[in-house]
Protein chains: 2
Amino acid sequence: MKHPVRKTLTERCKRKGLRITAPRRVILQVLETAQDHPDVDELHSRVREIEPGVNIATVYRTMNTLAEHGLIERHSFSDGRARYEAVPESHHDHFINVDTGEVIEFRSDEIERIQEEIARTYGFDIVSHRLDIYVRPRQPDDD
Amino acid sequence: MKHPVRKTLTERCKRKGLRITAPRRVILQVLETAQDHPDVDELHSRVREIEPGVNIATVYRTMNTLAEHGLIERHSFSDGRARYEAVPESHHDHFINVDTGEVIEFRSDEIERIQEEIARTYGFDIVSHRLDIYVRPRQPDDD
DNA sequence: TTTGCAAGTGCAATTCATTTGCATCTGCGC
DNA sequence: GCGCAGATGCAAATGAATTGCACTTGCAAA
Ligand SMILES: [Mn+2]
Ligand SMILES: [Mn+2]
Ligand SMILES: [Zn+2]
Ligand SMILES: [Zn+2]
C-alpha cells in the first residue's frame, strides 16, 4: 500500500505532547481542510465561524507552536503576511500568480535533485529550501 | 568583448531621471561596494560613516525607489528584515548557512532552465523567482 | 549665473503584523 | 475529582517599515 492513510494533525499533536484544547481542535481542523495557503487573519475568521471565542493571539501562538514541531509550513510570499499550510504528504514548491495572488503548487524531482547536487559540491547539507516562482498567464508573443 | 564595463548605479539612476542627492550618492556607493546582503540598519550605519546626517527613513525610501526602478534586489531570508543587493551582472540564487546566517551565492543554469520548462507546461510566463536554500556544512555521516 | 519648482529629505508620528506580560482557565495524568 | 503545567484571552508592547509635513536642493530652463 503506497499511502497508509495519514495521521490526522490532531493525532500528531497528541503524539508530540501538545494539549488538544477547544481552540486548537478547531484550528487544526481548519488547517487540515484548507485547500489554500491562508494567513493568520483568514485562519482566525474561519476558526471563528466554528468557535467564536477564539482570540487571534491564540492563532498566532498556535502557528508558532505547530511550526516549531514541524506540523505546518510557514510561507512568506511577497505580500507581507505569513501564510500557512499543513505539512504536505510530499514536498512541493509554489507558483504565485502576480496578477491575482493565487498560489499554485508544483513539484519537480529534477529541481530537487539538482539542488542536492549543487549543495554537495559546495560542501553543504540542505536543511530546507523554498522556491517561489512569480508568474503570469502566458501571453501570446506579439512581435 | 564579453563584459563592457557596467554602468555605475549612479549613472543608471540618472538615466532613469532620479536625482543624485548627497544621501543618494553615498547610499549608491555603499550598495555598489557591498560584498554582502546588508539590511537597512546595516546600510544606514555604513552610510553614516561617510555622511552622518542621513536619516534611516531616507534609506528606506531609497531602497523602495531603487527596487521599483529595478536597480536593486530585495531579499527576505528567514530573519525578518529585508536585505538588499545591487542587481547582479547575472542572476544567482542563495545558500543561507543556518548556523551563521552567512549568505553564499550560486547559479545553476540547469535549475533556471527547468523552471522555465515547468512554468511553460503550466501555461505561465515567469516574472521572477527566488530560490533560497538553507544549509549547514556537510556532516560526516556517522552510521 | 540665477531662478523655479518638483523631487527628495529629516523628523516625528503612524501603521500593521506579530509578540508578550499577566491573570485566569483547562486538559489530562494520577 | 485534583493539581498544575500548559494554554488562552485581553491589552499593551514591539519592531520593521511607511508616511505627513515643513523644509531643502538638484537641475532644467532662462
Ligand atoms: Mn503549498
Ligand atoms: Mn546575492
Ligand atoms: Zn522544492
Ligand atoms: Zn534562480
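The sequence lines fix the lettering, A, B, ..., with proteins before strands; numbering per chain opens at 1.
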Legend entry - Rounded distance (nearest 0.5 Å) linking atom OH of B:Tyr84 with atom CZ of B:Arg74: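 Rounded to the nearest 0.5 Å, the OH-CZ separation comes to 4.0 Å.
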Which nucleotide wins on minimum distance to the side chain of [X], given the candidates [options]?
X       : options                : result
A:Arg61 : D:dA16, D:dT19, C:dC22 : C:dC22
A:Thr58 : D:dT8, D:dT19, D:dT18  : D:dT8
B:Arg81 : C:dT18, D:dC21, D:dA17 : D:dA17
A:Ala82 : D:dA17, C:dT18, D:dT19 : C:dT18
B:Ala57 : C:dA12, D:dA17, D:dA11 : C:dA12
B:Arg19 : D:dC10, C:dA6, C:dG27  : C:dA6
B:Arg24 : C:dT9, D:dG9, C:dA12   : C:dT9

If I take atom [atom1] in residue [X] and atom [atom2] in nucleotide [N], what distance separates them, rounded to the nearest angstrom?
X       : N      : atom1 : atom2 : answer
A:Arg74 : C:dA17 : CZ    : P     : 15 Å
B:Asp39 : D:dA16 : CG    : C1'   : 10 Å
B:Met63 : D:dA16 : CE    : C1'   : 15 Å
B:Arg48 : C:dG10 : CZ    : P     : 11 Å

Inset, instruction - Answer yes or no: is there a side-chain heavy-atom contact under 4.5 Å between B:Leu28 and B:Thr8? - result: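 No, their side chains stay 4.5 Å or more apart.
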Inset, instruction - Answer whether the closest heavy-atom distance between the side chains of A:Pro88 and A:Glu73 falls below 4.5 Å. - result: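 Yes, at least one pair of side-chain atoms sits under 4.5 Å.
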Inset, instruction - Between B:Pro23 and A:Thr21, just flag the one whose closest nucleotide in DNA chain C comes earlier from the 5' side. - result: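 Taking each residue's closest nucleotide, the earlier one in sequence belongs to B:Pro23.
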Legend entry - Centroid separation A:His91 to A:His129 less than 6.0 Å: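 Yes: the rings meet the under 6.0 Å criterion.
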Inset, instruction - For B:Asp41, report the nucleic acid contact type (base, sugar-phosphate, nothing); a contact means any heavy atom under 4.0 Å. - result: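 Counting heavy atoms under 4.0 Å across all strands, no contact is made by B:Asp41.
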